[in-house]
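Remember, it's a predicted structure, so these values are computed and weren't measured experimentally.
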Amino acid sequence: MSVKKVTEKIVSGAIACSGFVTSVAILLIVVFLFSEGLGLFSQKTIEEGYALVVNKGNPVDELDARQIKEVFDEDVINWRQVGGEAGPIMVFRFEDLPRHVSGERLGPGYENAAACIDSIVGANRGIIAFVPEEFAGGSAGKALRAHRISPGEVLGGSEWFPTATPAAQFGFLPLVLGTVWVTVFAILFALPFGLSVAIYMSEVASARMRNVLKPVIELLSGIPSVVYGFFGLIVVVPLLQNVFGLPVGESGLAGAIVLAVMALPTIITVSQDAMQNCPRSQREASLALGASRWQTIYRVVMPYSISGITSAVVLGIGRAFGETMAVLMVTGNAAVIPLAITDPLRTIPATIAAELGEAPAGGAHYQSLFLLGVVLFFITLAINSCVEYISSKNR
């Protein structure tokens with residue numbers, strides 16, 4: 001066997017091995033992402049090591065995360081509102097114990113805390129106590145059943161407050177809507193400008209001008225996202241605050257403008273390549289029939305390139321959906337459902353980047369961030385599938 005054939009076999013084997021290792025690594029990452037994220041649904045609503053205790057005569061046996069938060073925030077003040085009998089709700093926390101019981105009765109080191117809590121719960125049928133599990137046992141009180149976090153609460157929840165006590169709120173709706181809100185407006189801003197530049201470079205500009213613009217556009221795609229975020233924070237945010245009279249300039253509009261600039265290189269490059277693939281014969285036939293240059297662009301080049309242009313838009317959407325640092329710096333980072341484009345908001349990638357470092361490993365907060373990654377994975381998968389479908393139609 002010749003040296004050339006041996007070399008070819010070694011190279012092909014190395015490429016095949018590299019592809020196999022890469023595929024296995026990606027598969028393991030996806031499996032890890034799903035295993036960590038789906039573990040959220042096995043977690044209790046109440047903070048680990050604590051329990052909710054009510055009087056044994058209280059017919060309520062279980063409360064979900066939203067009900068617990070509303071009760072302890074005093075938005076719900078009557079048991080009838082949560083399925084119990086009519087009567088006021090009295091909230092009691094473990095740290096309130098010294099205000100209700102003397103130090104002598106509690107004993108050194110709170111050794112009599114369990115008995116004291118039981119007597120307090122037994123004396124008031126409308127009380128709900130948030131106490132450590134070790135003090136939850138007693139003859140007069142009962143611990144509510146441990147409610148598990150459900151997919152409906154997570155995917156349809158309207159509040160993201162993963163550090164709230166006694167029940168954390170893991171509603172994904174504000175984050176998903178914030179991501180979609182920013183991305184849609186970014187594409188609405190970027191598409192007209194990107195398409196105009198692509199038409200100019202492909203159909204109007206001279207070769208010399210095209211050679212000047214091409215490196216500039218490629219340079220835009222090579223700028224780090226944190227630089228775009230810094231530009232948005234220093235220039236775009238104060239400008240929007242002054243123009244619209246906003247209390248703060250960090251908003252979804254600022255994020256959309258920054259993302260639009262970041263998506264422009266993708267839209268311009270892909271659209272220009274699609275237009276340049278239009279056969280010269282079709283342009284010449286249109287011009288020979290008496291059409292002007294702009295009529296040819298509108299009636300011939302654009303329809304022929306529509307699949308490539310659509311792919312450019314979808315790729316731009318994917319670029320905007322996955323952006324992290326630039327959005328984190330200019331959108332205000334408020335995990336609320338946006339009602340206007342000038343409201344502060346937070347996106348999924350920004351939430352993961354901001355909170356993963358401070359979330360306790362293995363806890364509900366930690367797993368909820370991985371579940372956000374799963375949601376982002378499916379969004380990205382859908383975008384890539386759209387690109388593949390559009391490209392296959394073009395072929």
Indicate if Ile187 and Ile348 have the same hydrophobic cluster label, given that clusters are the connected sets of ILVMFWY residues with side-chain heavy-atom separations under 4.5 angstrom. yes
Is there a path of hydrophobic side-chain contacts, each under 4.5 Å between heavy atoms of I, L, V, M, F, W or Y residues, that connects Leu175 with Val336? no
Report yes if some heavy atom in the side chain of Leu369 is under 4.5 Å from a heavy atom in the side chain of Thr351; otherwise report no. yes
Taking the basic N atoms (NZ, or NE/NH1/NH2) and the acidic carboxylate oxygens, is any pair closer than 4.0 Å for Arg346 and Glu355? yes
Given 3.5 Å as the limit, does a donor-acceptor pair link the side chain of Arg148 with the main chain of Ser42, or not? yes
Nearest 0.5 Å please: distance from the CG atom of Asn277 over to the OG atom of Ser307. 11.5 Å
If we check side-chain hydrogen bond (donor to acceptor under 3.5 Å, both in side chains) with Lys142, which of these qualifies: Asn55, Asp61, Asn58? Asp61
So does Ala167 get a backbone contact from the side chain of Gln169, meaning a donor-acceptor N/O pair under 3.5 Å? yes
Might you confirm whether atom CD of Glu74 has over 12 heavy atoms from other residues, nucleotides or ligands at distances under 6.0 Å? no
When you look at Tyr366 and Phe370, which way does the ring pair (Phe, Tyr, Trp, His ring centres under 6.0 Å) test go after all the steps? CA-CA 7 Å; Tyr366 180 83; Phe370 275 91; 4.9 Å; yes
How long is the span from the OG1 atom in Thr331 to the CG atom in Leu259, to the nearest 0.5 Å? 9.0 Å
Side-chain heavy-atom pair Val53, Leu144 within 4.5 angstrom cut-off: no
Does Glu85 form a side-chain contact (heavy atoms from CB on, under 4.5 Å) with Arg125? I'd like the steps, not just the answer. CA-CA 10 Å; Glu85 297 176 349; Arg125 190 167 179 174; 3.5 Å; yes
So Asp64 and Glu153, do their side chains get closer than 4.5 Å, heavy atoms only? yes
Output, in order, the C-alpha distance, side-chain angles, deciding distance and verdict of side-chain contact (heavy atoms from CB on, under 4.5 Å) for Val176 and Phe172. CA-CA 6 Å; Val176 174; Phe172 283 7; 4.3 Å; yes
Would you confirm whether Asn333, through its side chain, and Met329, through its main-chain N or O, come within 3.5 Å as a donor-acceptor pair? no
Looking at Pro215, is its backbone amide N or carbonyl O close enough to the side chain of Glu218 to form a donor-acceptor pair, meaning the two atoms are under 3.5 Å apart? no
Spell out, as yes or no, whether a donor-acceptor pair under 3.5 Å connects the side chain of Ser35 to the backbone of Phe32. yes
Backbone of Arg80 reached by a side-chain donor or acceptor of Asn78 within 3.5 Å: yes
Check whether any side-chain N or O of Asp343 sits under 3.5 Å from a backbone N or O of Ala340 as a donor-acceptor pair, and report yes or no. yes
Would a 4.5 Å heavy-atom cut-off, applied to side chains only, mark Val54 and Ile127 as touching? no
Within a 6.0 Å radius of atom CZ on Phe230, are there more than 12 heavy atoms belonging to other residues, nucleotides or ligands? no
CZ of Phe135 to CG of Asn112: how many Å apart, nearest 0.5 Å? 10.0 Å
Could you measure the distance from the OG1 atom of Thr324 to the CG atom of Leu376? Nearest 0.5 Å is fine. 8.0 Å
Indicate, with yes or no, if Val301 and Tyr304 share a hydrophobic cluster defined by side-chain heavy-atom contacts under 4.5 Å among Ile, Leu, Val, Met, Phe, Trp and Tyr. no
Determine, for Glu159 against Lys69, whether the closest basic-nitrogen to carboxylate-oxygen distance falls under 4.0 angstrom. yes
To the nearest 0.5 Å, what is the distance between OG on Ser305 and CG on Leu195? 9.5 Å
Strictly distance-based, threshold 3.5 Å: is any side-chain N or O of Ser196 a donor or acceptor partner for the main-chain N or O of Pro192? yes
Begin with the C-alpha distance, continue with both residues' side-chain angles, and end with the deciding distance and a verdict on side chain to side chain donor-acceptor pair (under 3.5 Å) for Thr296 and Ser286. CA-CA 6 Å; Thr296 301; Ser286 175; 2.9 Å; yes
For the pair Ile89 and Ile128, evaluate side-chain contact (heavy atoms from CB on, under 4.5 Å) and give the outcome as yes or no after the intermediate values. CA-CA 7 Å; Ile89 298 176; Ile128 179 169; 3.8 Å; yes
Can any side-chain N or O of Ser18 pair as donor or acceptor with the backbone N or O of Ile15 at less than 3.5 Å? no
Student check: side-chain heavy atoms of Ile383 and Phe321 closer than 4.5 Å: yes
Hydrophobic clusters here meaning ILVMFWY residues chained together by side-chain heavy-atom distances under 4.5 Å, can you tell me if Leu240 and Val261 are in one? yes
Minimal non-hydrogen separation, Met262 against Ser225, with atom names: CE-CB, 3.6 Å
Assess the pair Trp294 and Tyr298: is the distance between their ring centroids shorter than 6.0 Å? no
Kindly indicate, with the supporting measurements, whether the criterion side-chain contact (heavy atoms from CB on, under 4.5 Å) is fulfilled by Phe170 and Ile149. CA-CA 9 Å; Phe170 296 108; Ile149 299 172; 3.7 Å; yes
In terms of ring plane angle, is the pair Phe34 and Phe378 parallel, tilted or perpendicular, where the classes change at 30° and 60°? perpendicular
Does some side-chain heavy atom of Tyr200 sit less than 4.5 Å from a side-chain heavy atom of Val204? yes
All heavy atoms of Ala326 vs all of Val330, minimum pair found to be O-CG2, 3.3 Å
Side chain proximity check, Glu47 to Phe130, heavy atoms < 4.5 angstrom: yes
Could you check whether Arg99 pairs with Asp96 (Lys NZ or Arg NE/NH1/NH2 to Asp/Glu carboxylate O, under 4.0 Å)? yes
Heavy-atom closest pair (Leu220 atom, Pro265 atom, distance to 0.1 Å) is CB-CG, 3.6 Å
Restricting to non-hydrogen atoms, name the atom on Ala364 and the atom on Leu40 that form the minimum distance, rounded to 0.1 Å. O-CD1, 3.4 Å
Would you call Ser271 and Met302 a side-chain contact if the rule is heavy atoms closer than 4.5 Å? no
Heavy-atom pair of closest approach, residues Gln276 and Ser202: CG-OG, 3.6 Å
With a sphere of 6.0 Å drawn around CE of Met90, does it hold more than 12 non-hydrogen atoms of other residues, nucleotides or ligands? yes
So, does Asp118 use its side chain to make a donor-acceptor pair with the main chain of Ala114 at under 3.5 Å? no
Determine whether Phe185 and Leu239 fall in the same hydrophobic cluster, where Ile, Leu, Val, Met, Phe, Trp and Tyr are linked whenever their side-chain heavy atoms lie under 4.5 Å apart. yes
Give, for atom CZ of Arg210 and atom CD1 of Ile217, the distance between the pair rounded to the nearest 0.5 Å. 11.0 Å
Looking only at side chains, do Arg319 and Thr183 share a donor and an acceptor under 3.5 Å apart? no
Identify, with sequence neighbours excluded, every residue that meets side chain to side chain donor-acceptor pair (under 3.5 Å) alongside Lys214. Gln272
Is Leu38 atom CG crowded by more than 12 heavy atoms from other residues, nucleotides or ligands, each under 6.0 Å away? yes
Gln43 to Gly363 - nearest heavy-atom pair and separation: NE2-C, 3.9 Å
Tell me whether the count of non-hydrogen atoms from other residues, nucleotides or ligands lying under 6.0 Å of CZ in Phe193 goes above 12. no
